[in-house]
There are 2 protein chains.
Amino acid sequence: MQTQTRPPSTGRSLEHPERDEIRLESVLHALSDPVRLTIFRSLARAEDELSCSVFELPVSKSTTTHHFRVLRESGVIHQIYRGTAKMNALRRDDLEALFPGLLDALLTSAAHQADRLAND
Amino acid sequence: MQTQTRPPSTGRSLEHPERDEIRLESVLHALSDPVRLTIFRSLARAEDELSCSVFELPVSKSTTTHHFRVLRESGVIHQIYRGTAKMNALRRDDLEALFPGLLDALLTSAAHQADRLAND
DNA sequence: GTCGAAGTACGATGGATCTCGTACACCGGC
DNA sequence: GCCGGTGTACGAGATCCATCGTACTTCGAC
């Protein structure tokens with residue numbers, strides 16, 4: 001259920017794959033890019049919607065838009081317009097139903113690797 | 001230790017990444033191709049070395065070589081020449097050490113999806 | 001030594017992808 | 001109504017990638 005303090009979504013529509021249209025290959029491809037893996041981890045940590053603009057990514061605005069679209073079209077994230085912002089959230093329920101345990105394994109794997117590379 | 005009935009490896013050498021050179025992004029990219037995901041699942045089921053030639057893939061011989069190379073260079077599989085054959089095996093220990101739980105999550109996810117798509 | 005099986009190397013080709021800049025659209029606040 | 005912030009659309013460039021066919025190498029068997 002949506003909180004009342006949250007601005008409503010606008011009429012602008014965004015295409016999302018249905019749950020049963022999500023493919024493992026597409027999810028893996030989406031997460032195989034370093035920028036998108038970073039976004040993925042941030043969204044998992046946030047546990048709430050995040051606007052595109054809060055991310056500090058080493059790419060331009062238009063490239064950022066591109067990466068969020070790939071994540072959305074692969075079924076990894078849900079996007080919705082709220083006012084001028086575009087909010088992003090992991091599709092946790094859908095992914096857990098389709099690929100049980102995968103999300104956690106990916107997140108811990110990414111965390112392990114980040115630790116490992118930081119302490120080289 | 002190597003069994004005595006197994007033909008020895010020949011002098012032909014194959015480049016493999018060290019364990020600490022394996023990157024999650026590269027592994028995910030390697031497994032994001034349908035052909036390579038099929039190979040991955042077959043090797044996991046086999047629990048032993050398999051030669052390239054036992055796979056019935058919907059691509060040509062040279063494309064098959066390409067896919068096995070991607071899997072090897074990403075660190076997913078280990079390859080070794082034995083006689084005229086080239087044997088393939090999952091790098092289970094390395095992957096489990098780097099990405100605990102990921103292998104199983106990927107395999108069960110792929111199996112779930114295969115079941116789901118078969119019973120449509 | 002010759003042959004066949006297994007796999008490679010190489011180049012080509014068509015398509016996807018990552019990146020960017022510029023110009024534009026949408027929305028809230030003033 | 002206008003401005004600024006947020007994000008898009010579009011085109012372009014460079015690179016990567018999956019695929020193939022052909023010619024070649026390597027090795028075991030005979």
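Just so we're clear, the structure is a prediction, and the values are computed from it rather than from any experiment. Protein chains get the first letters and strands the later ones, always in sequence-line order, with residue 1 at the start of each.
- One interatomic measurement links the two molecules: CG of B:Asp33 to P of C:dG15, which rounds to 17 Å at whole-angstrom precision.
- Between B:Thr65 and C:dG7 there is no side-chain N or O to OP1 or OP2 distance below 4.0 Å.
- One donor-acceptor pair, N or O on each side, does fall under 3.5 Å between the base of D:dG21 and the side chain of B:Ser62.
- At D:dC27, none of the side-chain N or O atoms of B:Thr84 fall inside 4.0 Å of OP1 or OP2 (strictly under the cut-off).
- The side chain of B:Ser51 has C:dG7 as its nearest neighbour among D:dT19, C:dG7, D:dA18.
- When rounded to the nearest whole Å, the span between CG of A:Leu31 and C1' of C:dC18 equals 16 Å.
- Side-chain atoms of B:Arg19 and B:Leu98, non-hydrogen and from C-beta on, do get closer than 4.5 Å to each other.
- As a whole-Å value, the separation of A:Asn88 CG from D:dG7 P is 8 Å.
- The residue B:His67 sits close only to the backbone: its heavy atoms come under 4.0 Å of sugar-phosphate atoms, none of a base.
- Each of B:Leu71, B:Thr64, B:Thr63 was compared with B:His67 under the side chain to side chain contact (heavy atoms under 4.5 Å, CB included) criterion, and only B:Thr63 meets it.
- Phosphate contact (OP1/OP2 of C:dC18, side-chain N/O of A:Arg36, threshold under 4.0 Å): present.
- Checking B:Leu106, B:Asp33, B:Val27 one by one against B:Phe40, the side chain to side chain contact (heavy atoms under 4.5 Å, CB included) holds for a single residue, B:Leu106.
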message = Applying side chain to side chain contact (heavy atoms under 4.5 Å, CB included) to A:His112 and B:Leu24, what does each step give before you reach the verdict?
response = CA-CA 10 Å; A:His112 279 214; B:Leu24 178 59; over 6 Å; no
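- Within 4.0 Å (heavy atoms only), B:Thr64 reaches no atom of the nucleic acid at all.
- Whole-Å rounding puts the B:Ile80 CD1 to D:dC27 P distance at 13 Å.
- A:His29 has a side-chain polar atom (N or O) that falls below the 4.0 Å cut-off from OP1 or OP2 of C:dT17.
- Backbone-only engagement by A:Ser53 is indicated by non-hydrogen atom pairs under 4.0 Å involving sugar-phosphate atoms exclusively.
- One finds no side-chain N or O of A:Thr63 lying less than 4.0 angstrom from the OP1 or OP2 phosphate oxygen of C:dC18.
- Distances were taken from every side-chain heavy atom of A:Arg69 (C-beta onward) to each of D:dT6, C:dA6, D:dA9; the shortest belongs to D:dA9.
- Atom pair A:Phe68:CZ and D:dT6:P shows a separation of 13 Å (rounding to whole Å applied).
- Between A:Lys61 atom NZ and C:dC26 atom C1' the separation is 12 Å, expressed in whole Å.
- One atom, CD1 of A:Ile39, and another, C1' of C:dC18, lie 13 Å apart when rounded to the nearest Å.
- One can place CE of B:Met87 at 12 Å from P of C:dA6, the figure rounded to the nearest angstrom.
- Of the candidate nucleotides D:dA18, D:dT6, D:dC27, D:dA18 has the atom lying nearest to any side-chain atom of B:His66.
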task = Starting from the C-alpha separation in whole Å, work towards a yes-or-no answer on side chain to side chain contact (heavy atoms under 4.5 Å, CB included) for A:Leu95 and A:Leu102.
result = CA-CA 8 Å; A:Leu95 294 174; A:Leu102 183 61; over 6 Å; no
